[in-house]
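Data block below; observations after.
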Amino acid sequence: MPYAFDPRLPYATTIPSQYYTEGHFLDEENRTVFGRTWQLAGHAGQVREKGSYFTAVVGGEPLLIVRGNDHVLRAMSNVCRHRAGPVAKGSGKKPVLQCGYHGWTYTIEGKLHATPELEGIECFDRADFSLPAFQIDEWQGLLFVNLDPDATPLRDFLGELVSDMPENDYDSFRLAARKEWELECNWKVYVDNYLEGYHIPIVHPGLFRELDYPNYRTETKRNYSIQFAPTRRPERIRTTGADDQVRYFWLYPNLMLNVYPDNFSTNLILPLGPRRTLTVFEWYFRDPETAATNNALADTIAFSDEIQLEDIEICEAVQRGLASRTYESGRYSPARENGVHHFHGLYARDMGLIAG
Ligand code: FES
Ligand SMILES: [Fe+2]
């Protein structure tokens, strides 16, 4: 019997293990999941000035994010129209970009500018060789790209997330720290793990002591979910608003937003291969340069590191378990794993795993 996702949580079985182990599913995910959703590509601070750019990869697609001399923000292909070389590397600020293969140049707005040693070529019009553009939009200082020209606008995709985020002037927050981790597991192992608090008592004893675990709950919305984590000692884990709750937001398929009163952090989960994942953590503070922020940042990162190391260990063990000849698919805790089931439902829809 082929697998079909059951939208009824009490009856459902989890996504079969081969989706976590076999390479060809990643190619399919790049088309149907990463190729159609709004993906975090960077932050507005990276392209504030005219002529500034940075490179990114979304769904396996090399991208160039620029602020044109006309001040327009653009996401373009970072693939040269000659023979597919890299138009730009890293980040910087330049009036024209020179391909790293044979030196064709492009304006910062993506128009083909100069083509050395092309004398004698026929039927060639530079105007036909501009860099293709993709949809890009900004929210809370974060830059999102969508590779699908028919995708719904970013605000529609975010839905009520825009109003569910606690009120704050996030646009004024600045990047204060960044940390990358590489894991030996499929990207979905890490996302599944993030989406439930069920493992906290076993995997995170330190965090467990800080939380009012019985009242930990997950709310699922169309393209995102929120985990509400009531704290026992709000002074240790600084909370949002008057309700002493930390809010962990997740946006389908691979972005987490952890929101506190004076800072928020993003966790971006990127597949490097079927069994290898990069997690990028970035912390944004209102005043990154002050001593108070430095102390808060050091505390925040130390606590995050402790939890991340515990999560990495369990995720890598789970990846080995998923490869076992004895394991195929599991079940969900109705009380504790509605967030995982919600993710799997969106994933099953995009991967054609829903019956009927
Ligand atoms: S591939 Fe870019 S100049 Fe040849
Ligand atoms: Fe965890």
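Since the structure is predicted, the reported quantities are computational estimates derived from the model, not experimental observations. Counting from 1, the numbers follow the sequence of the chain as shown. Whatever order the structure lists them in is the order used to number ligands and atoms, beginning at 1.
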Query raised in the report: What count do you get for protein N/O/S atoms less than 2.8 Å from the Fe ion (ligand 2)?
Result: 4
**Report entry** Parallel, tilted or perpendicular: rings of Tyr20 and His344 (30°, 60°)
**Finding:** perpendicular
Report task. Verify the distance test for Cys99 against atom 4 (Fe) of ligand 1: any N/O/S atom under 2.8 Å, yes or no. Result -> no
Query - Under 4.0 Å to a heavy atom of Gly85 - the qualifying atoms of ligand 1, by number - result: 1 (S)
Report summary line: The atom name of the N, O or S atom in His102 nearest to atom 4 (Fe) of ligand 1 is ND1
Query raised in the report: Do Arg67 and Glu49 meet the salt-bridge criterion of a basic N to acidic O distance under 4.0 Å?
Result: no
Query raised in the report: Quick one: which ligand 1 atoms are inside 4.0 Å of a heavy atom on Gly103?
Result: 3 (S)
Query raised in the report: Relative to Phe173, does Arg286 satisfy both conditions: NZ or CZ under 6.0 angstrom from the six-membered ring centre, and within 45 degrees of the ring's axis?
Result: no
Query raised in the report: With a cut-off of 4.0 Å, which atoms of ligand 1 are near a heavy atom of Cys80?
Result: 1 (S), 2 (Fe), 3 (S)
Query raised in the report: Do the ring planes of Phe129 and Phe124 sit parallel (below 30°), tilted (30 to 60°) or perpendicular (above 60°)?
Result: tilted
Query raised in the report: Would you call Asp164 and Lys221 a salt bridge, taking side-chain N to carboxylate O under 4.0 Å as the test?
Result: yes
Query raised in the report: Taking the side chain as C-beta and beyond, is there a heavy-atom pair between Val246 and Thr231 under 4.5 Å?
Result: yes
**Report entry** Element-labelled atoms of ligand 1 that are located less than 4.0 Å from some non-hydrogen atom of Arg83
**Finding:** 1 (S)
Report task. Within a distance under 4.0 Å of any heavy atom of Trp104, pick out the atoms of ligand 1 and give their elements. Result -> 3 (S)
Requested in this report: May I ask you to decide if the ring planes of Tyr347 and Tyr19 are parallel, tilted or perpendicular, using 30° and 60° as cut-offs?
Outcome: perpendicular
Query - Backbone or side-chain N/O/S of His82 under 2.8 Å of atom 4 (Fe) of ligand 1 - result: yes
Query raised in the report: Is the side chain of Thr293 donor-acceptor paired with the backbone N or O of Glu289 at a distance under 3.5 Å, no angle test?
Result: no
Requested in this report: Examine the side chains of Glu109 and Ser130 and answer whether a donor and an acceptor come within less than 3.5 Å of each other.
Outcome: no
**Report entry** Donor-acceptor side-chain pairing of Asp212 and Asn215 below 3.5 angstrom
**Finding:** yes
